[in-house]
Amino acid sequence: MKFNKREFLELCGLSALGVSALPLLKLRAGQVQPNPKAMVGKRWAMVINPGACTDNCRECRVACDQIHNIPHLPDPKHEVKWIWTENFENAFPGQEYQYLEASLKERAIPVLCNHCDNPPCVRVCPTQATFKNKDGIVLMDYHRCIGCRYCVAACPYGSRSFNWQDPRPFIKEINKEYPTRTRGVVEKCTFCVERLAKGQIPACVEACTGKALVFGDLEDPQSEVRQLLSAHYAIRRKSELGTGPQVYYLV
Amino acid sequence: MYDKGKILTGLLVFLVLLTSPIWYNFALGKAGTPPQLKVGTKEKKCIEPTAYMISSHMTLLNTWRNAVIRDGNRLYTAGDGKQYDMSLTKTCLLQCHTSKAEFCDRCHAYAAVQPYCWDCHNAPEEKQHEIQ
C-alpha cells in the first residue's frame, strides 16, 4: 500500500481530533450550581465589638461547637476550637500596656479564624487542602488533609486545631446535618460557609446575645460591617504580620 | 530448550499458585456470587442512569465534593432535570439508601474496598448488621 507523507499527516490530525473528542463521550448531563437561596457576598468579614460582649457569656462558642460537632477533649493540649475567648493581652500582644483601660484589660475577647487576605496557612499547605474561596473565606478540604500541621505552625492566631484522636466519642450529641472530622486532620472555623449557602448568617453571630458579632460583605458599602468600620476605629489582630486579617475589633 | 521439563513444571506450579484463590473459591462453591443489595428506596430511578451509578458513583461523588467545597455549588441538576442537594448523608443516604450496611457496605466488602467516607460523614443509625 502506498502511504505518502500527506496522508500520514492527515491521519495524525484526524486521530488527534478523535482523541480530543473522547471526554465528550464520558460527559454526564449533570450540571452544578449554587443554591439560589445562598447569601451573596464578595468579601465576607466580621466586626466584633468586645464592649458589647457580655461577661461569661459563651453562647457563640456553644452554638458553634454544637452545630459543627466540635469535640470536648479532656486533654487541653488536644483542644479543638473554632471560636473561643482570649484575654486582651493574648489576643493583641502588641497593643497591650500597663495602664490599659481596666474594662478592656479584663474583658474576654472573642477570637476566631481571621480569614486573612493573605493567609499563611494556605501558602504552606503542601496538598492545597486549605484554600481561600472566591468570597474570601479560608476553608479546608478535609479529604485532602494529610495531617502535616504546617498550617498549624504557620497560623499566627492559633486558629487551627489538629485532631490527635478520633473526635467522635467526645461529641456529646452529633449534629447529623454536619460531618464530624476524623483522626489526623486539621480543622478550623469556616465562617459557616454551609449556612451561608442556605441563606443563614454564621451560627456565632446568630447566637450572640449582646450583638457583639456582626457579619457582612466588605465590598458592599451599604453593609452593616462597612457602616461600623466607617463610623468607628477598629484594630485587627497582628495585622503587622501582613496577613490581612478580616476580623475587625472596635475599641 | 535446556531443562524443558523443570521449567515447564515450575511455570505450571507458579500459575496454579497464582490462581489458587480462584480454585479455592470454586471448591467452596461461593465464586462469582455478587452480594444481594437492599436498595432501600421506593424511587424508580437513580440520580443518573443505574449503569452509570454502579460503575461511576465514586466519580460522581468526587465531582460533588469538589463542586461543594471548592466552588460552593451545592445544587446538582441531573441529566433528567431533577435537582438534588449534593450531600452524601442528606441525599444519598436519607433520601434513598437508608441502610448503609445492606447497600454500601455489602458491595464494598465484596469488592474488598474500604472507603473512609464514614469516618466523618454521618450515617443514619441502624442495627448492627453482620457484613457478609
Side-chain angles (χ1 to χ4, degrees), chain A residues 23 25-41 44 68-69 71 128-145 163 165-168 171 173-185 187 190-199, chain B residues 45-95 97-100 104 113-126:
Chain A
L25 290 178
K26 289 185 193 158
L27 196 71
R28 287 283 123 195
Q31 300 289 325
V32 295
Q33 70 199 74
N35 186 335
K37 280 184 281 180
M39 278 181 74
V40 181
W44 295 120
H68 298 118
N69 292 326
Q128 291 170 22
T130 189
F131 62 100
K132 198 167 89 168
N133 83 355
K134 59 181 184 348
D135 307 331
I137 304 179
V138 178
L139 286 176
M140 284 280 307
D141 180 350
Y142 303 112
H143 306 93
R144 288 190 71 128
C145 180
N163 284 282
Q165 53 198 307
D166 180 15
R168 278 198 175 160
I171 305 168
E173 201 179 331
I174 289 182
N175 169 21
K176 293 275 182 194
E177 297 270 298
Y178 198 80
T180 65
R181 266 69 59 200
T182 185
R183 188 173 70 101
V185 299
E187 62 181 85
T190 61
F191 255 180
C192 281
V193 72
E194 84 286 354
R195 286 170 60 89
L196 299 179
K198 290 188 285 186
Chain B
K45 278 177 73 210
C46 307
I47 286 177
E48 295 287 355
T50 309
Y52 174 77
M53 294 307 290
I54 291 172
S55 69
S56 311
H57 57 280
M58 52 302 242
T59 317
L60 184 76
L61 287 175
N62 265 358
T63 316
W64 280 23
R65 166 184 105 186
N66 290 337
V68 168
I69 303 178
R70 300 276 160 175
D71 308 319
N73 293 327
R74 286 169 185 260
L75 215 54
Y76 181 79
T77 313
D80 61 1
K82 243 185 128 179
Q83 287 194 326
Y84 298 91
D85 180 19
M86 288 192 263
S87 165
L88 184 61
T89 300
K90 283 180 267 178
T91 302
C92 304
L93 283 191
L94 291 180
Q95 273 189 30
H97 308 294
T98 40
S99 174
K100 176 175 90 71
C104 313
V113 288
Q114 285 106 26
Y116 46 75
C117 313
W118 316 107
D119 288 2
C120 297
H121 291 277
N122 297 310
E125 300 259 341
E126 55 182 314

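Letters A, B, ... are given to chains in the order of the sequence lines, protein chains preceding strands, and every chain is numbered from 1.
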Chain B heavy atoms under 4.5 Å from A/R168: which part of the residue, side chain, backbone, both or neither?
-> side chain

Quick one: NZ on A/K37 to CZ on B/R74, what's the gap to the nearest 0.5 Å?
-> 13.0 Å

Results of ring pair (Phe, Tyr, Trp, His ring centres under 6.0 Å) for B/H97 - residues two or more places apart only = B/F103

Under 3.5 Å: donor-acceptor pair, side chain of B/N122, backbone of A/Y178 = yes

Relative to chain B, which segment of A/K134 carries a heavy atom at a distance below 4.5 Å: side chain, backbone, both, or neither?
-> side chain

Determine the minimum heavy-atom distance between A/Q33 and B/T77, stating which atoms define it.
-> OE1-OG1, 3.2 Å

Using non-hydrogen atoms only, which part of A/N69 is less than 4.5 Å away from chain B: side chain, backbone, both, or neither?
-> side chain

Name the member of A/E177, A/H143, A/E194, A/K198 that forms the most heavy-atom pairs with chain B at distances under 4.5 Å.
-> A/H143

Within a strict 4.5 Å, meaning less than it, do heavy atoms of the A/D141 and B/R65 side chains meet?
-> yes

What residue, out of A/V193, A/T182, A/T180, has the most heavy-atom pairs lying under 4.5 Å from chain B?
-> A/T180

Can you see which heavy atom on B/R70 is nearest to which on A/R144, and at what distance?
-> NH2-CD, 3.3 Å

Among the options B/A67, B/C120, B/S87, pick out the one with the most heavy-atom pairs lying under 4.5 Å from chain A.
-> B/C120

Separation between CG of B/L94 and NZ of A/K176, rounded to the nearest 0.5 Å = 9.0 Å

Okay, B/D71 and chain A: the region with an atom under 4.5 Å from a heavy atom over there is backbone

Shortest non-hydrogen contact from B/I69 to A/M140?
-> CG2-O, 3.9 Å

Is it the case that more than 12 heavy atoms not belonging to A/R183 sit under 6.0 Å from its CZ atom?
-> no

